[in-house]
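Everything below concerns the one structure shown next.
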Amino acid sequence: MTDASRGPSSQLLSGKHALVTGGSRGIGAAVTEMLLEHGARVTSVSRTSTALPNRAMAAESRDTLHYVTADVSDPESVKKAVESARGRFGEIAILVNNAGQAASAPFLKTDTAIWRRMMAVNLDGTFHCTQAALPGMLAAGWGRIVNVASTAGLIGYGYVTAYCAAKHGVVGLTRALALEVATKGVTVNAVCPGYTDTDIVKEAVANIVAKTNRTPEQAQSELASRNPQKRLVRPEEVANAVAWLCLPGSEAITGQAIAVAGGEVM
């Protein structure tokens, strides 16, 4: 990407293999492109799609970008994806657990199916991918794990109980694992975006419109109003935070849950 707001690219991650889940769109696509710009080789994992929206970037990066289809909630699917990734670019040094879903419903209408789906993708997926990638990092004595959680992992939001619970679980996993591997050269952090201009927010807007008399513009404005900057976060801003946690100079940052939310959470 050539977005000037990103600043110059670097080769500071040259030789590093990064695996990004949910990597084909939204935050995952922005993270994939950002890590490529910093010189990493990237395996982009997606459940249904294996192509970045930015076709030019994909064409330019065919020697450093590998696509894999996998369901992160299924440990066997994750195992096969990781094997494919290692076969292409070697051991995984950077893991970005970004795959996620959101579902909204009042608590008493949150059935077991919704609860399990939120846990399976948001929390179980993070667990499965981390278990698959961590041994190689420990053997190498270097690794970076970044879990894309949410401000919903730091505070409560009404009508998304299952999602909040899953994202709180991701933050708890992050903190506990960071302590376990603190002396092993591996850091574990969470990035917690507020409402971001992604498909998940588009779905939230559509849900508000369907259930109220608000227009799409009013619904989006309502979500953006939670951010003191009165706007949606851009995927590239989240990607910047993820990349920073992987670049040289971030070695002392571990076990943190960093809000990227315009001041919503302090």
Side-chain angles (χ1 to χ4, degrees), residues 1-3 6 9-101 121-122 125-134 136-137 143-149 170 191 193 196-200 234-247:
M1 257 189 164
T2 57
D3 184 344
R6 291 184 171 199
S9 61
S10 75
Q11 293 299 305
L12 292 173
L13 295 178
S14 180
K16 303 295 186 186
H17 176 196
L19 187 145
V20 181
T21 68
S24 67
R25 59 182 183 171
I27 291 171
V31 169
T32 295
E33 295 184 18
M34 180 73 72
L35 295 178
L36 286 168
E37 288 182 354
H38 284 295
R41 294 168 296 173
V42 180
T43 296
S44 174
V45 179
S46 177
R47 185 170 60 89
T48 58
S49 174
T50 56
L52 285 174
N54 188 333
R55 303 288 180 171
M57 171 63 78
E60 292 171 3
S61 307
R62 61 172 56 93
D63 293 331
T64 54
L65 179 59
H66 177 45
Y67 299 114
V68 179
T69 301
D71 178 356
V72 298
S73 69
D74 178 356
E76 284 303 312
S77 183
V78 169
K79 181 180 177 181
K80 290 178 181 177
V82 169
E83 287 174 352
S84 174
R86 286 180 177 139
R88 179 67 180 274
F89 292 140
E91 202 59 69
I92 296 163
I94 296 168
L95 172 64
V96 181
N97 286 306
N98 169 70
Q101 292 181 6
V121 175
N122 296 301
T126 299
F127 170 76
H128 296 320
C129 292
T130 303
Q131 280 213 324
L134 182 60
M137 297 180 186
R144 298 290 179 265
I145 298 172
V146 183
N147 300 321
V148 180
V170 171
V191 170
T196 305
D197 190 10
T198 64
D199 287 346
I200 286 179
R234 292 184 291 113
E236 293 79 8
E237 293 173 311
V238 184
N240 274 318
V242 172
W244 170 64
L245 291 168
C246 301
L247 290 169

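Both backbone and side-chain heavy atoms feed into the values below; hydrogens, waters and symmetry mates do not. Model, not experiment: these values are computed from the prediction.
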**Asked** Looking at I200 and G100, what are the two nearest heavy atoms and their distance?
**Response** CD1-O, 4.1 Å
**Prompt:** Picking from H17, R88, H66, what satisfies side chain to side chain donor-acceptor pair (under 3.5 Å) with T43?
**Reply:** H17
**Check: V242 and I27 side chains under 4.5 Å, non-hydrogen atoms** = no
**Item:** Sidechain-backbone polar pair: T21 side chain, A99 backbone, donor-acceptor under 3.5 Å
**Value:** yes
**Request:** Output yes when a side-chain donor or acceptor of D197 lies under 3.5 Å from a complementary backbone atom of P235, and no otherwise.
**Result:** no
**Message:** Rounded at 0.5 Å granularity, tell me how far CZ in R47 sits from CG in D74.
**Reply:** 12.0 Å
**Item:** side chain to side chain contact (heavy atoms under 4.5 Å, CB included) between V42 and T64, intermediate numbers included
**Value:** CA-CA 6 Å; V42 180; T64 54; over 6 Å; no
**Prompt:** Do M137 and L95 have side-chain heavy atoms sitting under 4.5 Å apart?
**Reply:** yes
**Prompt:** Is there a side chain to side chain contact (heavy atoms under 4.5 Å, CB included) between R41 and K16 once you walk through the steps?
**Reply:** CA-CA 6 Å; R41 294 168 296 173; K16 303 295 186 186; over 6 Å; no
**Asked** When rounded to the nearest 0.5 angstrom, what distance separates CG in L36 from CG in L65?
**Response** 5.5 Å
**Message:** Would you compute the distance between atom CD of E236 and atom CD of E33 and round it to the nearest 0.5 angstrom?
**Reply:** 8.0 Å
**Distance-only side-chain donor-acceptor flag, H128 / S77, under 3.5 Å** = no
**Asked** Of all residues at least two apart in sequence or in a different chain, which pass the side chain to side chain donor-acceptor pair (under 3.5 Å) check with N97?
**Response** T130, N147
**Message:** Could you check whether any side-chain heavy atom of V31 comes within less than 4.5 Å of a side-chain heavy atom of N98, counting everything from C-beta outward?
**Reply:** no
**Fill in**
Here the pair of heavy atoms bringing V170 nearest to A149 is CG1-CB, 4.1 Å
**Message:** Minimum heavy-atom separation for S24 and S44, please, with both atom names.
**Reply:** N-OG, 3.9 Å
**Fill in**
d(S46 OG, D71 CG) to nearest 0.5 Å is 10.5 Å
**H38 side chain near Q11 side chain, heavy-atom distance below 4.5 Å** = no
**Between OG1 on residue T32 and CG on residue L19, distance to nearest 0.5 Å** = 9.0 Å
**Request:** Apply side chain to side chain contact (heavy atoms under 4.5 Å, CB included) to the pair V96 and L35, showing each step before the final yes or no.
**Result:** CA-CA 10 Å; V96 181; L35 295 178; 4.3 Å; yes
**Message:** Could you report the tightest heavy-atom contact between V78 and A132, atom names first, then the distance?
**Reply:** CG1-CB, 4.1 Å
